[in-house]
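Below: one structure, written as structure tokens.
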Amino acid sequence: MCRARCAFVTCVFLGSVAALEGAAGAREPQAVSGPHEASTTANPLRLARQARDAGRWVEAEAAYELALKAADAAWTTDAERAEIAAELGLCELALAMYRDAADHLAQSLRHRDALRSGLAKRAEEGLKKAESRVVTFYLGVSPPDAQVFVDGKPLGRPAPTYELFLEPGQHTVRARLTGHTEAVSAFEGQAGKDSSLTLKLPRAPERGEAGGGGAPAAVGGGPARPGDPAARPAARAALPLTELRIGGAALATAALAAGTVFLLRAHVLDGNMAERERVFRGQGWTPTTCWWPKAPSACGEIHNDLAERDLFATIGNVALATGAVFGIATAASFLAEGWILDEAPARGGVQVVPSATGTQAGLVLQGVW
């Protein structure tokens with residue numbers, strides 16, 4: 001009898017241990033479906049969490065950075081990369097690495113909806129703390145395909161605008177592009193303050209054009225005649241469209257984001273009202289209950305929810321339409337600039353390429369203007 005009891009207790013204990021290990025393994029986020037990719041992210045994540053819980057911030061920061069590199073190289077989702085970036089930024093904040101912390105926390109909050117509420121709140125608070133110690137630098141570049149260097153370090157893939165976090169002090173920004181004159185600018189950033197700058201790269205003079213500022217002379221030493229090709233202006237000044245394009249893109253993005261938020265809110269209210277309707281029908285309500293002279297007090301709340309839902313839906317649709325108008329106008333400016341300047345379109349034109357991620361979709365305009 002004693003042996004049977006001991007065997008039973010042993011089986012129960014081993015079964016409990018196996019169940020706990022299975023639950024712990026289920027809670028570990030799998031980066032990808034493949035065994036190799038899962039191991040490249042799961043192992044650093046496990047080490048990072050153990051070091052973070054033990055307060056070993058240096059070890060945790062190194063493990064989270066390794067996990068983020070592995071996640072970027074593998075087929076992971078935006079939610080998984082955002083969570084790793086948030087944890088990495090919080091470790092860097094604990095180590096007083098404010099610039100890196102701000103960069104990774106801002107990267108994670110671009111996918112805030114994919115973060116757990118507790119982690120998103122800690123990331124927001126950490127980003128505010130990190131931004132108070134660094135310079136938030138907004139850079140615009142025209143043409144946007146120029147290669148940009150900040151303090152001699154390249155920024156990577158060209159873009160029309162950049163949001164950077166820099167250490168306080170003096171900084172130098174340089175932009176280069178074949179066929180254009182190099183642009184250089186220096187500025188001094190202060191901790192906790194924003195700085196902005198726009199670099200414009202004018203077209204380089206064509207080969208054979210005069211480098212001086214005077215009027216070119218005609219062949220033979222005489223004065224240039226109006227009909228002489230040498231007397232034509234070297235180039236026509238470019239229209240100031242860069243600022244308008246940046247503003248149009250920003251307005252379109254803001255309007256589309258606001259419209260999406262309002263429509264989501266209207267959808268949530270509609271779902272709540274549908275759930276409430278099922279409950280009331282179970283209590284004997286009919287579609288005409290709120291028309292009675294002595295209608296229940298809940299009818300007032302229902303009318304308020306209906307009005308709020310319709311208001312959010314209307315605002316959301318208007319915001320989406322406004323964002324679409326700004327986006328179309330901004331895209332049209334790239335296509336029409338060649339005709340506005342009375343020039344032939346650039347070689348290759350502008351290509352419209354669809355782009356999609358786990359949480360968003362859109363179009364990318366590529367080309368030369």
Side-chain angles (χ1 to χ4, degrees), residues 20-137 150-151 153-157 159 162-168 191-192 356-360:
L20 290 175
E21 290 180 351
R27 287 194 297 268
E28 288 288 342
Q30 296 296 325
V32 287
S33 57
H36 174 69
E37 289 82 358
S39 63
T40 57
T41 56
N43 292 334
L45 281 176
R46 188 178 299 109
L47 295 176
R49 293 191 181 102
Q50 293 175 355
R52 176 201 60 190
D53 296 339
R56 301 192 301 271
W57 298 111
V58 175
E59 181 180 345
E61 187 271 338
Y64 273 122
E65 186 174 4
L66 182 61
L68 184 59
K69 291 180 180 179
D72 289 337
W75 290 93
T76 54
T77 63
D78 292 336
E80 292 168 333
R81 290 193 296 271
E83 180 176 353
I84 297 174
E87 294 288 359
L88 174 58
L90 293 174
C91 291
E92 291 168 337
L93 185 64
L95 295 173
M97 302 167 60
Y98 298 112
R99 188 191 65 80
D100 294 335
D103 191 13
H104 289 117
L105 292 173
Q107 175 184 346
S108 68
L109 290 174
R110 295 189 186 103
H111 305 282
R112 174 182 168 78
D113 295 339
L115 294 175
R116 293 175 281 114
S117 59
L119 181 59
K121 183 178 180 180
R122 289 192 293 126
E124 285 184 345
E125 295 174 352
L127 180 58
K128 291 180 181 178
K129 182 177 179 181
E131 286 180 335
S132 65
R133 303 295 188 94
V134 298
V135 181
T136 304
F137 181 50
V150 177
D151 298 331
K153 298 180 180 179
L155 295 186
R157 180 178 299 178
Y162 300 86
E163 180 185 13
L164 308 173
F165 299 100
L166 305 174
E167 298 291 345
T357 64
T359 59
Q360 56 187 336

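Since this is a predicted model, take the numbers as computed values, not measurements.
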* **Side-chain touch E61/L88, heavy atoms, less than 4.5 angstrom** => yes
* Taking only residues two or more places apart in sequence or in another chain, which ones pass ring-ring contact (aromatic ring centres under 6.0 Å, His included) with F165? -> none
I'd like a table of donor-acceptor pairs (distance under 3.5 Å, sequence neighbours excluded) in which one partner is a side-chain atom from residues 115-124, with atom names and distances.
from : atom 1 : to   : atom 2 : distance (Å)
R116 : NH2    : E83  : OE2    : 3.1
E124 : OE2    : R112 : NH1    : 2.6

* Structure fact -> d(L105 CG, E87 CD) to nearest 0.5 Å is 10.0 Å
* Asked: Quick one: side-chain hydrogen bond (donor to acceptor under 3.5 Å, both in side chains) partners of E59, sequence neighbours excluded?
  -> R56
* List the steps, then state whether side-chain contact (heavy atoms from CB on, under 4.5 Å) holds for V150 with K153. => CA-CA 5 Å; V150 177; K153 298 180 180 179; 5.8 Å; no
* Structure fact -> CG (L93) and CG (D100) are apart, to the nearest 0.5 Å, by 11.5 Å
* Structure fact -> Nearest heavy-atom contact between E163 and T136 is OE2-CG2, 4.3 Å
Show every donor-acceptor pair shorter than 3.5 Å between a side-chain atom in residues 126-133 and any protein atom, with sequence neighbours excluded, or say none if there are none.
from : atom 1 : to   : atom 2 : distance (Å)
S132 : OG     : K129 : O      : 2.5
R133 : NH1    : Y98  : OH     : 3.1

* Partners passing side-chain hydrogen bond (donor to acceptor under 3.5 Å, both in side chains) against E92 (at least two apart in sequence or in another chain) -> H104
N/O donor-acceptor pairs under 3.5 Å from side chains in residues 62-74, not counting sequence neighbours:
from : atom 1 : to  : atom 2 : distance (Å)
Y64  : OH     : R52 : NH1    : 3.2

* Minimum heavy-atom separation for A102 to V134, with atom names? -> CB-CG2, 4.4 Å
